[in-house]
Amino acid sequence: MEREIPRLCRAGEDARLVVDGRPFVMLAGEMHNSSASDARTLDAAMDRATELGMNSVIAPVSWELVEPEEGVWDFSSVDTLLAAARRRGLRLGLLWFGAWKNAACSYAPEWVKRDLDRFRRAELEPGQRKAYLDFHGMTLPYATLSALCEETCDADAWAFARLMAHLREADAAERTVLFVQVENECGLLGAAREHSPEADDAFGRDVPSRLLGCLRGRAGELQGRLGAAWRAGAGRGSWEDVFGDFAEEAFTAWHTARYVEAVAAAGKVEYPLPLVVNCWLDKGREAGKFPTGGPVARVMEIWRCAAPSIDVVAPDIYVPDFCGTCDVYRSSGNPLVIEETAVHGRVASRAVWAVCHHHAPCFAPFGFEDMGEPFDDAAGVLFGASLDPAAVPQDAEEYARVMATLRELVARARDVRGGLEGMDAAISERPEADVLAVGSDGVVGIGVAYGDRPGACAVVPLGPDEALVLALHCHVTPVSLDPGRPHVDIISLDELVPDEGGVWSRGRRLNGDEATLLRFDGPALLRLRLFSYC
Ligand code: DGJ
């Protein structure tokens, strides 16, 4: 029997991932790029996800493995993934490594890579088909397929459609796969736009009326460089007339998004799962110095217009300003899906905050297999420490406890309140936002303070002055939010604890010293009742 297809459902400012008819939060990890290509490595990664308390895994499916020869299909890598996840009760997010993988074509099949005439490469300057990028002291080579090449787009779309049709057949009964990402960090490195004769020709034409209509309709909301360019431009005519010195970037975003839309739409017709695109952040750099045309915030309105089959733009967050990046990508109705973030010692507090403050339907550190390992080689420094010299490894056992606690908090919020509305959180990276309302009346709250370790605190209101509280490396103080009733007492503080089978129930009543100190390190799940008076 078929189960309901996973879907994204808008709820006010939020979006929920609805699985089996109920909101579901993917407490996931994204595995290293190569882990799914070998059954033993895959099993080890899946076991690690289970040890870390995750309920989902994000894993790649590459074009080169599913279509090794043109028109010859091999979905055994997908079936192996499905089986490995199901054996462990894990859900999956799949990543389609098609024409793009980090702005390069490393996962395109050999028959695509070799046929330079049929599957044209992006030309950074006329005839130049390879980019070399300075990346933190290394020189990295990039060969990229052209976003304007119809042959490539058709072949990519056909392969993606076959994948989605296979998933419909293989997964309709179980619904192990909850979403699929289309391409991976698409865009062009080394130039703001392609410079082949076809690209020059397209750049010389007028901006499509569809894009003009979309931007006109959203003119009030256009921000940053796109907004400034639009306001200064002619509103019609060539790319340069409309976008001035932002023209090349806007052009590349439009063509990249149109390509991805063709792939996404072909897959969605076969099996309409939620579809995601991820982005390598621009970090304020000029075009060409990040995968230009990818769905970064500054061109998101162009993507919305060109790629309506895409449900979510997910930022890959390795930068120190995690919270600010989340705020930006959650704006204007884009749900915050985090498929990739650094695995270092801030990751547990960030999971609590992203899920409970931003109601992220998915949170996943990248390369979770290595959690807790020292960053003692180039890969560790790049992926794990995320080039942050102050980064320390995350304690893996603590992460597993945080995942278990967060899962219980989310389950109770869903069961007691019927949804995740009202859930909120504070984080030590933003100590100024440190008061959380307890209870639905907004009369009492808790102030949250932190020590040296990354901390977070989440609250799920249960009644007028009662809440579930998840506390990680923080100190909480009951506070009044009502000047007419300035004093606050704790009526009761109970801990909730899991048994060996993972079933949670009430543990100790903590109304003594613990309720005076109110300092919690390893994650604690608490039921707190307050009383305010004058
Ligand atoms: C972002 C990519 O999307 C991932 O596949 C991986 O390459 C990471 N970067 C490594 O930091």
Side-chain angles (χ1 to χ4, degrees), residues 28-38 41-42 45 49 57-65 77 81 92-108 131 133-138 140-145 179-189 256 260 275-283 285 289-296 310 312-320 322 325 329 337-344 346-347 350 362-371 373 375-389 391 393-394:
E30 182 170 322
M31 63 178 60
H32 278 296
N33 298 156
S34 309
S35 299
S37 62
D38 164 69
T41 317
L42 173 65
V57 163
I58 299 179
V61 172
S62 66
W63 187 7
E64 58 157 1
L65 290 184
S77 60
L81 258 173
L92 287 172
L94 296 183
L95 313 173
W96 173 242
F97 285 3
W100 279 284
K101 163 66 175 73
N102 302 18
C105 60
S106 44
Y107 284 97
L133 181 78
D134 286 336
F135 192 77
H136 302 282
M138 295 174 280
L140 306 183
Y142 287 86
T144 307
L145 289 159
F179 73 81
V180 180
Q181 178 192 293
V182 190
E183 311 294 343
N184 191 83
E185 293 189 346
C186 58
L188 180 69
L189 275 166
T256 310
V260 173
L275 295 181
V276 178
V277 285
N278 66 332
C279 65
W280 169 331
L281 300 177
D282 60 78
K283 300 178 198 138
R285 294 194 176 129
K289 302 233 159 113
F290 68 98
T292 303
V296 292
I310 297 297
V312 179
V313 172
D316 293 343
I317 314 181
Y318 296 90
V319 293
F322 176 85
T325 309
Y329 281 83
V337 165
I338 300 178
E339 300 175 285
E340 292 187 37
T341 194
V343 78
H344 60 50
R346 293 193 182 280
V347 67
R350 289 175 174 180
C362 172
F363 180 90
F366 177 82
F368 65 87
E369 299 101 308
D370 300 341
M371 188 179 285
E373 308 267 318
F375 312 131
D376 56 3
D377 60 7
V381 171
L382 206 57
F383 309 144
S386 211
L387 301 162
D388 177 347
Q394 168 67 44

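Model, not experiment: these values are computed from the prediction. Values below: every heavy atom of this structure, side chains too, minus hydrogens, waters and symmetry copies. Start at 1 and go down the list; that is how both ligands and their atoms are numbered.
Looking at Asn278 and Gln181, their side chains do bring a donor and an acceptor atom within 3.5 Å of each other.
Within the listing of ligand 1, atoms 1 (C), 2 (C), 3 (O) sit less than 4.0 angstrom from a heavy atom of Glu185. For ligand 1, the atoms closer than 4.0 angstrom to any heavy atom of Asp316 are 3 (O). Set against the non-hydrogen atoms of Asn184, the atoms of ligand 1 under 4.0 Å away are 2 (C), 3 (O), 5 (O).
Listed for the Thr144 side chain is a donor-acceptor partner under 3.5 Å among the backbone atoms of Ala103.
The structure places CG of Leu281 at 7.0 Å from CD1 of Ile317, a figure rounded to the nearest 0.5 Å. Summarising the geometry, atom SG belonging to Cys279 is positioned 3.5 Å from atom OH belonging to Tyr329; distances are rounded to the nearest 0.5 Å.
Contacts with ligand 1 closer than 4.0 Å are made by no heavy atom of Trp280, backbone or side chain.
Between Trp280 and Phe135, the angle of the ring planes goes over 60°, which puts this pair in the perpendicular group of the 30/60° scheme. The aromatic rings of Phe97 and Tyr107 sit tilted, their planes meeting at an angle between 30° and 60°.
Nearest protein heavy-atom contact of atom 3 (O) of ligand 1 is Glu340 OE2, 2.6 Å. The protein heavy-atom contact nearest to atom 6 (C) of ligand 1 is Phe366 CZ, 3.5 Å. For atom 11 (O) of ligand 1, the closest non-hydrogen atom on the protein side is Phe383 CD2, 3.0 Å.
Considering backbone and side-chain N/O atoms, Lys101 comes within less than 3.5 Å of an N/O atom of ligand 1.
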